[in-house]
Amino acid sequence: MLSHVLQFSLWMGISTSAALAATPGSFEDGGNTQVSAMMMFVGNDEKVYISDKTESNAAQINGHPAWNSVWDINTRQAMIMNGRTNTFCAAGMHLPNGTWITFGGNKALGPGDTPASDGQGQFDDRFGVYDGRKAIRLLTPCKSSDDWNSVKCQWLDDASQLAMQKERWYPAAEPLADGTVAIIGGFTSGGYINRNFPNDDPATSHGGSEPTYEFYPSRGAAQLMNFMVKTSGLNSYAHTFMMPSGKMFVQANYSTILWEPETNVEHELPDMPGKIVRVYPASGGVAMLPLTPANNYTPTILFCGGSDMPDEAWGDFKWPMIDTWNHPASSDCQRITPEPLDGTAPVYVKDDNMLETRTMGQFVILPDGTLLIINGALNGTAGYAQQTGQTDSYSKMPFGMSLASGPVGRPAIYDPNAEGGKRWSNDGLSSSSIPRFYHSTAILLPDASVLIAGSNPNVDVNLTTAYPTEYRAEVFYPPYFSATVRPKPSGIPQTLTYGGLPFDITIPASSYSGSANDAASKTHVAVVRAGWTTHSMSFGQRYLQLNNTYTVNQDSSITLHTSQMPPNANIFQPGPAMVFVVVNGIPSNATFVIVGSGMIEKQPLLSVADLPASQNRDGASGSANGSQTGQGGGKNGAVTTSTSMTNVVLAGLVMMVVGSGW
Ligand SMILES: *[C@@H]1O[C@H](CO)[C@@H](O)[C@H](O)[C@H]1NC(C)=O
Ligand SMILES: *[C@@H]1O[C@H](CO)[C@@H](O)[C@H](O)[C@H]1NC(C)=O
Ligand SMILES: *[C@@H]1O[C@H](CO)[C@@H](O)[C@H](O)[C@H]1NC(C)=O
Ligand SMILES: *[C@@H]1O[C@H](CO)[C@@H](O)[C@H](O)[C@H]1NC(C)=O
Ligand SMILES: *[C@@H]1O[C@H](CO)[C@@H](O)[C@H](O)[C@H]1NC(C)=O
Ligand SMILES: *[C@@H]1O[C@H](CO)[C@@H](O)[C@H](O)[C@H]1NC(C)=O
Ligand SMILES: *[C@@H]1O[C@H](CO)[C@@H](O)[C@H](O)[C@H]1NC(C)=O
Ligand SMILES: [Cu+2]
């Protein structure tokens with residue numbers, strides 16, 4: 001408790017770094033994270049929560065090394081927080097009410113992954129750590145003004161009170177439309193890949209693999225998922241994305257399915273072209289492209305990088321069979337639209353290659369709708385080992401325990417709307433000199449910059465090896481930081497509903513550049529969920545552009561008539577998100593909102609109202625191009641009114657709950 005009190009004074013410190021002018025395309029010092037940042041989420045406009053695995057970090061709390069911290073966005077200083085269970089490679093997600101939850105981890109271990117002092121993996125007295133394999137941990141974000149010693153600001157981390165049915169290390173997690181979280185697969189404790197070789201028991205690997213799924217809150221006994229058997233070996237941290245139909249897109253090894261979480265029915269989709277592996281430890285960058293009115297909120301998933309190592313090279317639980325650091329990662333990108341609007345069969349489509357090969361590159365969807373890829377290595381894979389099938393002792397390992405080599409310091413930006421051949425660029429982007437490998441992370445901050453932290457491809461803390469344990473954070477400034485003024489919107493509500501009454505956002509003339517009519521036609525409102533990041537993934541990361549029209553006022557301020565979320569909670573599951581108003585590619589700061597009812601429940605779905613027509617300042621109709629070019633509302637446009645009648649009619653209709661639509 002004393003440590004909390006001492007660290008608390010940091011919040012009061014005067015911020016120096018935040019006052020520096022941000023240079024677009026550059027990295028700035030982000031301070032020291034106290035623990036190596038394996039996992040991160042943005043809690044609110046002040047705090048980023050960080051977790052590491054349990055290891056020998058020098059920072060001590062309650063008489064043991066710390067493995068959790070909270071980083072203050074304004075001061076760039078981190079305060080350590082207590083934890084009980086081993087968070088080593090857990091999964092994480094938001095809940096509808098803005099609390100965050102993590103699932104699983106590894107057993108209790110001592111220094112250097114030695115067996116726990118109790119001999120059973122339940123508790124180790126040197127690290128003061130409990131078994132985390134069934135753990136469910138909850139954290140409700142606090143602000144500087146809260147009492148950080150109070151129970152409500154601390155991690156609730158006690159597996160004897162709240163636990164999963166199964167032991168899960170590296171599980172996947174994805175919310176359903178009601179906010180329930182599906183938790184899928186995993187190892188039962190550490191290892192390189194999730195199989196024995198030969199793979200004579202692909203379901204459970206003689207106890208090493210956990211091929212089932214379960215839910216939080218529980219919906220009964222864990223069930224076998226056949227896809228986990230089929231993809232045995234390369235199926236931990238499967239890539240999961242809820243689709244508009246309520247089926248879940250699941251990708252692992254080189255296989256793909258749509259899965260029905262309610263019935264456990266699997267529908268096969270095509271294999272990954274070239275058998276390129278994207279899941280851990282190949283660790284490709286994977287993200288859902290922005291959902292927009294123009295694409296009718298139809299998800300497309302982008303896969304970039306990872307590894308094309310042949311099957312035997314992957315080895316088994318112990319280590320890879322080859323010297324992975326000599327095997328270039330993939331530069332290949334593929335897109336797939338799992339539920340095409342026109343009803344055609346989904347296919348992988350070759351996309352532009354990245355500018356370099358990359359494993360452990362992480363996609364961060366920026367408020368302007370482009371995707372930053374950052375961190376990672378040119379060769380090899382994630383994970384760590386003391387030897388491989390080709391290098392038979394630790395002392396001969398050229399990069400210590402790292403299975404990757406060749407840091408990629410320079411990020412790149414992918415523009416999903418650019419024509420093929422021109423989607424990638426790193427023009428004007430600096431390189432970081434800090435290698436960010438296994439257990440590094442990146443996440444979007446509320447001022448639209450990106451926090452980068454962590455890296456530790458070592459069994460424990462090692463400050464003297466080729467790719468050491470990294471405590472230094474950096475903040476990366478995307479190109480839009482060249483703007484001299486940024487939008488200062490007002491009128492963004494604190495909650496968004498699925499369908500329902502539109503709302504007005506106002507942008508003062510002083511907060512954008514250029515002609516008012518032009519700016520208005522190039523403005524959009526983005527709901528961005530930065531997600532819960534770990535291992536080059538962002539669990540739950542999504543970007544949805546709200547439908548809008550506008551009125552340009554006589555004083556050149558712009559009023560955006562903005563729709564609520566589309567009336568289908570599968571498209572953007574309930575919970576916390578950031579709203580950015582983007583004028584000509586320049587984002588505002590974020591406003592934090594809760595999407596949906598704030599409860600784990602069937603979300604109320606309301607009718608969607610037509611928006612008033614756009615009006616330019618000279619009184620002429622706004623152009624039909626720019627942000628509001630939709631393809632029509634399709635099945636959601638239940639209400640049609642003339643502009644002047646909209647509010648009157650809506651008042652009577654807004655409580656009408658429509659069916660689950662598409
Ligand atoms: C959010 O919901 C979860 C249950 O799903 C609950 O445990 C938690 O306490 C809630 N958070 C708050 C702040 O009420
Ligand atoms: C990937 O899946 C294929 C097909 O099921 C399987 O034969 C192979 O062993 C898997 N590869 C690895 C490395 O697990
Ligand atoms: C750090 O890594 C080097 C090899 O790269 C190894 O020789 C050394 O023993 C390691 N130190 C610790 C504390 O594990
Ligand atoms: C990456 O792999 C290539 C091909 O084996 C090799 O030439 C290169 O030296 C490797 N890079 C590093 C940093 O080891
Ligand atoms: C955005 O937030 C930062 C603090 O994080 C503040 O310094 C800046 O003035 C804000 N900018 C706008 C346009 O609101
Ligand atoms: C699209 O918007 C731009 C900027 O407002 C305008 O110059 C252009 O004429 C518009 N095009 C059409 C087809 O309306
Ligand atoms: C966006 O709003 C306009 C105006 O109400 C409507 O015509 C259009 O169908 C909407 N687009 C979508 C995708 O809902
Ligand atoms: Cu890990």
Side-chain angles (χ1 to χ4, degrees), residues 36-39 43-44 51-58 86-91 93-101 104-106 111-114 132 136-142 146 150-158 161-162 169-171 175 178-181 186-187 189-194 215-218 236-237 279-281 283 325 360 381-387 391 393-403 405 437-441 454-469 533-537 574-576 594 596-601:
S36 187
M38 182 196 281
M39 320 163 189
N44 52 41
S51 295
D52 188 6
K53 72 187 178 69
T54 305
E55 57 192 3
S56 305
N57 294 310
N86 192 353
T87 40
F88 188 4
C89 307
M93 193 45 71
H94 64 273
L95 291 173
N97 61 6
T99 291
W100 291 74
I101 187 163
N106 209 351
D113 276 3
T114 52
I136 296 179
R137 313 170 192 84
L138 292 165
L139 188 285
T140 299
C142 278
D146 286 308
S150 68
V151 168
K152 84 173 180 89
C153 289
Q154 299 289 317
W155 279 98
L156 176 69
D157 178 8
D158 184 352
Q161 285 185 36
L162 188 60
W169 188 67
Y170 278 93
D178 70 353
T180 298
V181 185
F187 302 55
S189 69
Y192 178 59
I193 69 161
N194 199 6
F215 296 100
Y216 173 86
S218 180
S236 57
Y237 279 159
V279 290
Y280 168 85
S283 297
W325 54 84
M360 298 176 283
T381 70
Y384 58 69
Q386 299 220 358
Q387 66 171 92
T391 296
S393 77
Y394 184 27
S395 59
K396 294 182 198 157
M397 297 279 283
F399 304 103
M401 296 187 72
S402 175
L403 295 173
S405 68
F437 282 12
Y438 185 44
H439 295 155
S440 62
T441 44
S455 188
N456 191 17
N458 302 291
V459 62
D460 205 337
V461 172
N462 192 329
L463 303 173
T464 59
T465 187
Y467 301 119
T469 309
T533 73
T534 195
H535 293 75
S536 321
M537 305 172 69
I594 291 282
S597 71
M599 313 265 281
I600 298 178
E601 62 179 7

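Order of appearance sets the numbers: ligands from 1, and atoms from 1 within every ligand. The figures that follow rest on heavy atoms only: side chains count, while hydrogens, waters and symmetry mates do not.
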Can you give me the closest heavy-atom contact between Ser36 and Gly454, atom names plus distance? OG-CA, 3.8 Å
If the cut-off is 4.0 Å to any non-hydrogen atom of Asn462, which atoms of ligand 3 fall inside it? 1 (C), 2 (O), 3 (C), 8 (C), 10 (C), 11 (N), 12 (C), 14 (O)
Write down the atom of Pro457, the atom of Tyr384, and the distance for their closest heavy-atom approach. O-CB, 3.5 Å
Minimal heavy-atom distance between Tyr394 and Gly400, with the atoms involved, is CE1-C, 3.9 Å
Any nitrogen or oxygen of Thr464, side chain or backbone, less than 3.5 Å from one on ligand 3? no
Looking only at non-hydrogen atoms, find the nearest pair between Ser402 and Trp325 and report the distance. O-CE3, 3.9 Å
The Cu ion (ligand 8): protein N, O or S atoms that are less than 2.8 Å away, sorted by chain: Cys89 SG, Tyr170 OH, Tyr438 OH, His439 NE2, His535 NE2
Identify which one of Asn86, Asn456, Asn462 satisfies the side chain to side chain donor-acceptor pair (under 3.5 Å) criterion when paired with Glu55. Asn456
Locate the shortest heavy-atom distance separating His439 from Cys89; write the atom from each residue and the value. NE2-SG, 3.4 Å
Indicate the ring-plane relationship of Tyr467 and Phe437, choosing parallel, tilted or perpendicular according to the 30° and 60° boundaries. tilted
When you check ligand 1 against the protein, what N or O pairs turn up below 3.5 Å? List the atom names and distances, or just say none.
residue  : atom   : partner : partner atom : Å
ligand 1 : 2 (O)  : Asn97   : ND2          : 2.3
ligand 1 : 5 (O)  : Tyr216  : OH           : 3.4
ligand 1 : 11 (N) : Asn97   : ND2          : 2.9
ligand 1 : 11 (N) : Thr99   : OG1          : 2.8

Scanning both residues in full, the closest heavy-atom pair of Thr469 with Val461 reads OG1-CA, 3.3 Å
With heavy atoms under 4.0 Å as the rule, classify the contact between Tyr394 and ligand 3 as side chain, backbone, both or neither. side chain
Trace of the side-chain contact (heavy atoms from CB on, under 4.5 Å) decision for Asp157 with Leu139: CA-CA 9 Å; Asp157 178 8; Leu139 188 285; over 6 Å; no
Using a strict cut-off of 4.0 Å, indicate which atoms of ligand 3 neighbour a heavy atom of Gly400. 5 (O)
Paired with Met39, the side chain to side chain contact (heavy atoms under 4.5 Å, CB included) test is passed by just one of Thr87, Asp52, Thr441, namely Thr87
Relative to the ring of Tyr280, is the ring of Tyr438 parallel (under 30°), tilted (30 to 60°) or perpendicular (over 60°)? parallel
